[in-house]
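Lettering of chains follows the sequences in order, A, B, ..., and the numbering in each one begins at 1.
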2 protein chains.
Amino acid sequence: MRDADAPLHPKQRSRLIDVANHAGVTKSVVSRVLNNDRTLSIREETRTRILDAVRDLGYQPHTGARALAGASTRALALLIPDLTNPVYSRITRGAVQQARVRGFAMLLAEDSADFGVDRQFADLVASHRVDGLLIASARPDHPLLGMLPDSRIPHVFVNRVVAGSGRNISLQIEAASQAALDHLLALGHRRIGHVSGPEQLAPTVSRRAGLLGAAVAAGIPEPSIESGEFNEQGGYAAATRLLADHPDLTAIYASTLNQAIGVLSAVHAAGLRIPEDISVISYDDLPLAGFLHPPLTAIAMPLMELGQAAVDALCAQLEGAPPEDVLVPGAPEVVVRGSTGPPRSGPPAGAAKVPS
Amino acid sequence: MRDADAPLHPKQRSRLIDVANHAGVTKSVVSRVLNNDRTLSIREETRTRILDAVRDLGYQPHTGARALAGASTRALALLIPDLTNPVYSRITRGAVQQARVRGFAMLLAEDSADFGVDRQFADLVASHRVDGLLIASARPDHPLLGMLPDSRIPHVFVNRVVAGSGRNISLQIEAASQAALDHLLALGHRRIGHVSGPEQLAPTVSRRAGLLGAAVAAGIPEPSIESGEFNEQGGYAAATRLLADHPDLTAIYASTLNQAIGVLSAVHAAGLRIPEDISVISYDDLPLAGFLHPPLTAIAMPLMELGQAAVDALCAQLEGAPPEDVLVPGAPEVVVRGSTGPPRSGPPAGAAKVPS
DNA sequence: GACGCCTAGAAAACCGGTTTTCCCCGGCGG
DNA sequence: CCGCCGGGGAAAACCGGTTTTCTAGGCGTC
């Protein structure tokens, strides 16, 4: 006999019909009020009565029923290549956070070792579990890329962009490389090495292109490049090769913070001092960088904002806007710590090459 | 006019009814076949006809409809305190992976800065979005803890356990501390400092208790303890205080890898050598540890397995089993690198105190 | 030959929303 | 006085599954 004065903490889930009864209207009206249906005309008094009922009963719509009735699932999915990579941790954080702000739940899938992730991701869509996809792990050969264009499923590419997709959310990577080089040039460096990432990955290419372009513009010798995985071991190995093959290098620019840690280790192992013998600078910054030995000079990138922007862009698509590329604003900032200094060969005399 | 020989890649989602028509049966039969309903009797020939139809049409059930009809959502949610903390990255990885193995999707929520996460989590349940909860961010004062006991929602506590909940999934933390101390004792250390975590957090307490208990058993002076946040800065600050207040310390045991990095930095800043003046050992190991300066001795913990075990335990609850505590097996393993060595005061003479 | 039972599958109710259509009623203009 | 219009809300169809109930036929039994 629970009627007008229903319990404030109902035992059972309350449904739309309960709210309707409680407010003395039909459930369709409640639904339309809650969804801000503009075609509904309703007295202010009735509306508040309904909203009160919603609050009193602690009504929470059943997601499944909602999705079934044709509305959206209000859920997104994020596909990332490596959860333990701090780059993706922060993208994920930004994305999850922004999704919540916009009232979406976020599903997570990791594109790691195990096969079948493409299948998994396609299933999320096919089973109507999510409204859209955030893809941060695109590789040129990724099976997912083959199946996406046909499907009408909204999606964006984050960080690892797909050329020509028209739905890339990215950072100013070239500008970051430019900033790194500017910092090294100002210190007087001219022979520079670059620890690059796995070939074919979009950020790898951008970072390298930005560096090479800036080097040409500055009129310095072409930087030497070695590639490695995006982890400490990859940085270690690449730096070891650089040091062995190019003893004249005075600075190394690493593609990620993890690689930079490997670079520091390799330089130590080679018996060289940082920054007296070799300067090290890294793309991407974290508090961690300040506690390394020596503290690492790095270029701070707005990765959380990247994740947020990706969600924003995806939501725009969900609202009907055509997909478009987004370049996350925010100029790269060089955080100077102890790992960079003037080259060993002498004071920054060569830097005079840069006018003014 | 799509009939018997329907297109292999149908434009539209195919529904249960499409499969049924295609196979010449009613949808209820299809549903019961797909769900392995034991009460259904069916000819083998019909069953295969149905399964073929499912495959031909690429049928994928509508998650929402399914959830609505009373079945489960086949989704779980994971609440973690900090995505960028590598500890939680790996727990998350294990959980996401195992969820996939069991056919569940994983929703992610981060309990960071923004308020209202408890609300968000409760909503996930109230809106029938997930079948169960993995809670890795329990604090004694967490609002979520107040609302969980009443609700009949299946859940487990991961890593940060809740005493007496009877649904804790945890590691052998005390044994890890014991192993760390054993390693230091074997090297001859007797005056040991401990960089602990935020008070009240379960893993903090366990690590400390394990260390203190082992110290008493070994008959060495009570270890000195300082607490700090679970990050580099926290480790740095705590270690700085330890070194200042207890100049006789010869070794420091840090609660997490991030803190240990701060400890290394603090020791360097104090002008001390590692391990000649001070040995450093850390709870939790990562490849990163091998590239620090010096390479860090650490105790490897099976965090991915922890995440997997948590999903397994939660699934058991979903299948009707009563909740129970789970201690993830796997003895802690000390990975010896360069940051630990004999104490400065001399050879491990004092260690003779340990018999045999 | 009638009855009951088992097999194989059909039918229908229901889950909790959304959305379109429809209706009632009061006011206003002619 | 009648018809029309628009505001306010009721009714009902529908989304795509799950689950319980029901039925038609075949067969063994007495």
Side-chain angles (χ1 to χ4, degrees), chain A residues 10 12-51 53-54 57-75 103 123 125-129 131, chain B residues 10 12-51 53-54 57-75 103 123 125-129 131:
Chain A
Q12 314 291 0
R13 288 179 45 78
S14 50
R15 299 151 307 164
L16 195 58
I17 187 74
D18 298 325
V19 176
N21 291 340
H22 195 266
V25 295
T26 57
K27 58 178 190 165
S28 65
V29 185
V30 178
S31 172
R32 297 169 69 186
V33 164
L34 289 181
N35 294 322
N36 284 319
D37 183 342
R38 313 306 304 265
T39 72
L40 169 70
S41 71
I42 190 171
R43 277 180 316 196
E44 197 50 35
E45 188 266 327
T46 312
R47 176 194 300 277
T48 58
R49 192 148 38 85
I50 291 176
L51 294 179
V54 165
L57 284 98
Y59 171 69
Q60 194 73 15
H62 187 297
T63 319
R66 204 172 210 185
L68 179 55
S72 70
T73 66
R74 298 211 71 81
D123 288 353
V125 177
S127 62
H128 254 74
R129 220 187 250 287
D131 294 339
Chain B
Q12 314 292 1
R13 287 179 45 79
S14 49
R15 301 150 305 163
L16 194 59
I17 187 75
D18 298 323
V19 176
N21 291 339
H22 195 266
V25 295
T26 57
K27 58 177 189 166
S28 64
V29 184
V30 178
S31 173
R32 298 169 69 186
V33 164
L34 289 181
N35 293 322
N36 285 319
D37 183 343
R38 312 306 304 265
T39 73
L40 169 70
S41 72
I42 190 172
R43 278 181 314 197
E44 197 50 36
E45 189 265 327
T46 311
R47 175 193 300 277
T48 60
R49 192 150 36 85
I50 290 176
L51 294 178
V54 166
L57 295 165
Y59 170 69
Q60 194 73 15
H62 187 298
T63 318
R66 205 172 211 183
L68 179 55
S72 71
T73 65
R74 298 211 68 83
D123 288 353
V125 177
S127 63
H128 255 75
R129 220 188 249 287
D131 293 339

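In this structure, His128(B) and Thr73(B) approach most closely via the heavy-atom pair O-CG2, 3.1 Å. Counting all heavy atoms, side chain and backbone alike, Leu16(B) lies closest to Lys27(B) at CD2-O, 3.7 Å. When all heavy atoms are compared, the tightest approach of Ser14(A) to Leu57(A) is OG-O, 3.0 Å. When every heavy atom of Val30(B) is checked against every heavy atom of Val25(B), the shortest pair comes out as CG2-CG2, 3.7 Å. Of all non-hydrogen atoms in Arg13(B) and Gln60(B), the two that sit nearest each other are NH2-O, 3.1 Å. For Arg74(B) against Gly103(B), the heavy-atom pair with the smallest separation is NE-O, 3.3 Å.
The main-chain N or O of Arg15(A) is found under 3.5 Å from a side-chain atom of Asp18(A) such that the two form a donor-acceptor pair.
Only at 4.0 angstrom or more do the heavy atoms of residues 40-50 of chain A sit from any atom of DNA chain C, so none qualifies.
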Contact pattern, 5' to 3', of nucleotides 17-29 of chain D - B, S or - by protein heavy atom under 4.0 Å = BBBBB--------
